Structure formats: C-alpha cells, structure tokens
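Report on the structure given below.
Predicted model only: the values in this text are computed from it and were never measured.
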Amino acid sequence: MAGKSNILIVGDYNRKDYLDLFKACRNDFNFYFLEYAFPKEVTSDYYLTYGKAIFWGDFSDAYTLLDEISPKKVIFFYIEAYNHVALNLACKEKDIPTFHMEHGLRADYVPGSDPAIRQPPAPGYGKRFQKLFHFAASLKARIRNRLFLLNSIKKFSPEDAAFVKHFISIRRTHTFAATARKITSPKRQARFHISFSPNIFAVHQHNDILPPDQKVYFTGVPYFDHLAHVKATPTTSRAILLIDQPLAEHGLLKWDKKYKADFVHILTRICRQYNYKLYVKPHPRQDLEIWRQAQQLSLCYMIDDKQLGELTPTIPLVLGFYSTYLMPFASFKHTTLITYENHPAGGFLVSRPFVEAGVAHPIYDLQELHAILPDIAQLHQQQLPNKIKFTEAWMYKFDGKSGERLREILLRNDL
C-alpha cells in the first residue's frame, strides 16, 4: 500500500452497492471508511475488500483525525450529521478537497422527505435497523463521539464555531431537507460534487440549495458498469422482475406490514395466474420475512446482484416503485418497465422521472396487470423510442466506463 494516496469515505459503508462505486479504483488508493461511533454499528465486513474502518471516537477532534489519516481527498455520501459538518469545515481549513458523492437516484419528489406522509414502522418490523443505531451502545464510545464534536468546535475559528452551533440548533429539531432550506451557507457544502448525471444533479442542486456555479463532475452510474453491455437472449423467459424497496420497514408513503403483505399476496397470485415466474431483488435494508414465506410456497424467487446480472438478458418485464436500480432496465432495449404508484399516503407519482421520460408505465392497482401480462409487446413498443434520451439525461453514459471516470477524478492532482 506504500506510495498510494489515502482517501477518506464518509458514509454508510455497510452498503455493498455504495462501496462498489469505487470498484474501478480499488487498487489505486488506501481507502478509509468513517460513519459510526463504534464497531458494533458495523454489520458487514465487505468494506475490508476495499480498506479500513475508523470511528469518530478513535480521534479527539476533526483536526487530529485529518492529521493521522492524511487524506488526499475526503468524499461524503451526505453531509447531514453534526460530525459530518465539523469534518467538512476542518477539511476546508486544511485545504483538503471535499466531494459530495452521488449514491442514488434523485427526483423532484423524494419518498419519505415529508413527515406528513411517514409513519413509524409497525412494532417489531425492521428490528435489526433499530438495533443498528440504538441497541446496547457503548456509553464510553458515545461519550467519545460527543467529545469529538465538542473538541472540534473548540479548535474552530469563532466564525466556524458559531456556524456549527447554529447548524446543531436547527438540525436537532428539523429534517435534513428543512435544515437545508434554513441554512444555505456554503460552509455546509462540499467543495465539489460528483454526480451520476445532469438530471440527477439538477434535482440535488434544488433540494440541497446549491449555488448556480457549483463545480460538478459527471460519471454515470459506476455500479451499473457490469450491466452496460447486456444483450437480450433470442428467447426471453416468461418472468417478472420486482425491484423492491423498504417502504414498509421505514414507514415510507405510509406503507406498513399489512399493506406489504396484501401487495405480495395479490402480485404472486396474478403472476401464477398468467404463468409468470416472479423474481424479487430485495433492497439491502429490507426485512425479507414476507418474501421468504412466499418463496417457501414457490410463489417467487429472491435473487442477489450476481443472479440478477445472470438473469437480466432473459427478463422482459420489470416492476418497481422508486429505485436507482430501475435505471438500467429503463435503458435496456429488451425490457418493459412498470411502476407501482398506489401508496397509502396518496397519489404521489414517485417514479415521475421514468414515467415522464416515457420509459415506464404507471399502474395504480395491481389488477391492471390483467390487461398487461397477456401481451406486453404494445407497451414495450411505446417505451422503446424513449430509452436513448432517458439514458443520456438520467444515466449520462451507460457505457461500462463510469467507474473509470470516477477513478480519473480521484486521481487528479489539480483539484
């Protein structure tokens, strides 16, 4: 590892998909990952294939952290928590380039951003996620985490210290979206942005109140590089792929366990009626119990990323809600995309980017599938002419080289 520059990644490194954004430059840097106060919050060791984890409580303050790690660049998946803001300010004072790294699809409406359409998950549902952040935490580690922030503030200039205190006062009682509207100072922002595409960045620029001249680099979506050259097989399978989301687990759009169970029951029944095999790609933060029960009854087949890649050339029909993973299937010439828009919270067209681009057909009742499944050719022909334009606007370039573009940005010495 000698001779390589250090890069600090700040964000949820329990997510394999987030880590694989850096697959093309895995061997070019010494990666350090930071997000948690103590090791018990880490639920996956996949990050070890990339680098090393560090913890806020390992350091007395932001300056000590930067002195010990000596990062060439610091990449934030988000700058939303108190320690994120403190570290970002310290980087700016030490002239270390900071980047906000895009990690998913953004649109005009982001599910769950409005508390009025959220509700707490049903008791016991998504229990492991509560454990991740709240269960049996080390008191000593929490105290050290708090001291990291307080010691950092003491070392800031009076102006920066006042800013962090103001941010804390707003953030502790507001969502991040509301905080962003109240605090538009550039002190809250990274110096640079790395985004998947112009359309995604435009929405982020609006939601995060970024300046018009914000410097941004576009890459495409690195974790879809392995799908860029997928070609349909001569004969596709009679199958539906569901790209699922943790709506019920997180109470998004007022989904709950019962609503999800009803959805699964109706969908699997309709698929069986029309002799469609149902493949389900779960979200990493999803409770799988309902799908496990359906799989035990041979009503569906849960698949992982590797299986998805193998099945993609044969899949003719894709169903989803609002997911970054819908993007390549909206681009493939051989796939037809359907989005489900009937949510307990009301008529929110959460898949608007796909629908308005003409690459997805929205349904508001699963019973509408009775008219679609017997013959999807007509629907496919409606979507086909719009796929190239969608790809350019929302994926930038779907050429298998997005990871290389990210690598080139991180290797640059002139930033």
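The minimum heavy-atom distance between Asn207 and Ala180, with the atom names listed, is O-CB, 3.9 Å. What you find for Gly104 and Ile200 is that their closest heavy atoms are O-CG2, 4.0 Å. Taking all atoms of both residues into account, the shortest heavy-atom contact from Val355 to Glu341 is CG2-OE2, 4.5 Å. Residue Gly57 comes nearest to Arg144 through the heavy atom pair O-NH2, 2.5 Å, listed as atom of the first residue, atom of the second, then distance.
Remark: Asp244 does not engage Lys281 in a salt bridge, criterion side-chain N to carboxylate O under 4.0 Å. With salt bridges taken as basic N to acidic carboxylate O contacts below 4.0 Å, one links Arg405 and Asp399. Residues Asp208 and Arg188 are paired through a salt bridge, judged by an N-O separation under 4.0 Å between the basic side chain and the carboxylate. Ion pairing of Asp225 with Lys401 is absent here, as no side-chain N (NZ or NE/NH1/NH2) approaches a carboxylate O to less than 4.0 Å. Salt-bridge check for Lys306 with Glu310: passed, with a basic side-chain N closer than 4.0 Å to an acidic carboxylate O.
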Stepwise salt bridge (Lys or Arg N to Asp or Glu O under 4.0 Å) test for Asp262 and Lys257: CA-CA 9 Å; Asp262 290 343; Lys257 187 174 183 179; over 6 Å; no

Could you walk me through whether Lys260 and Asp287 pass the salt bridge (Lys or Arg N to Asp or Glu O under 4.0 Å) check? CA-CA 11 Å; Lys260 180 60 175 285; Asp287 189 299; over 6 Å; no

Between Asp28 and Lys4, does the salt bridge (Lys or Arg N to Asp or Glu O under 4.0 Å) criterion hold? Intermediate values first, please. CA-CA 6 Å; Asp28 295 291; Lys4 298 179 183 178; over 6 Å; no

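Put simply, the side chain of His265 never gets that close to the backbone of Ala261: no donor and acceptor are under 3.5 Å apart. Under a 3.5 Å cut-off, the side chain of Gln383 and the backbone N or O of Ala330 do not form any donor-acceptor pair.
Of the residues listed (His100, His103, His193), the one engaging Tyr78 in a ring pair (Phe, Tyr, Trp, His ring centres under 6.0 Å) is His103, and it is the only one. Between Lys72 and the options Asn30, Asn413, Asn6, a side chain to side chain donor-acceptor pair (under 3.5 Å) holds for only Asn413.
Remark: Lys155 fails to qualify as a cation-pi partner of Tyr63 under the 6.0 Å distance and 45° angle criteria applied to the six-membered ring.
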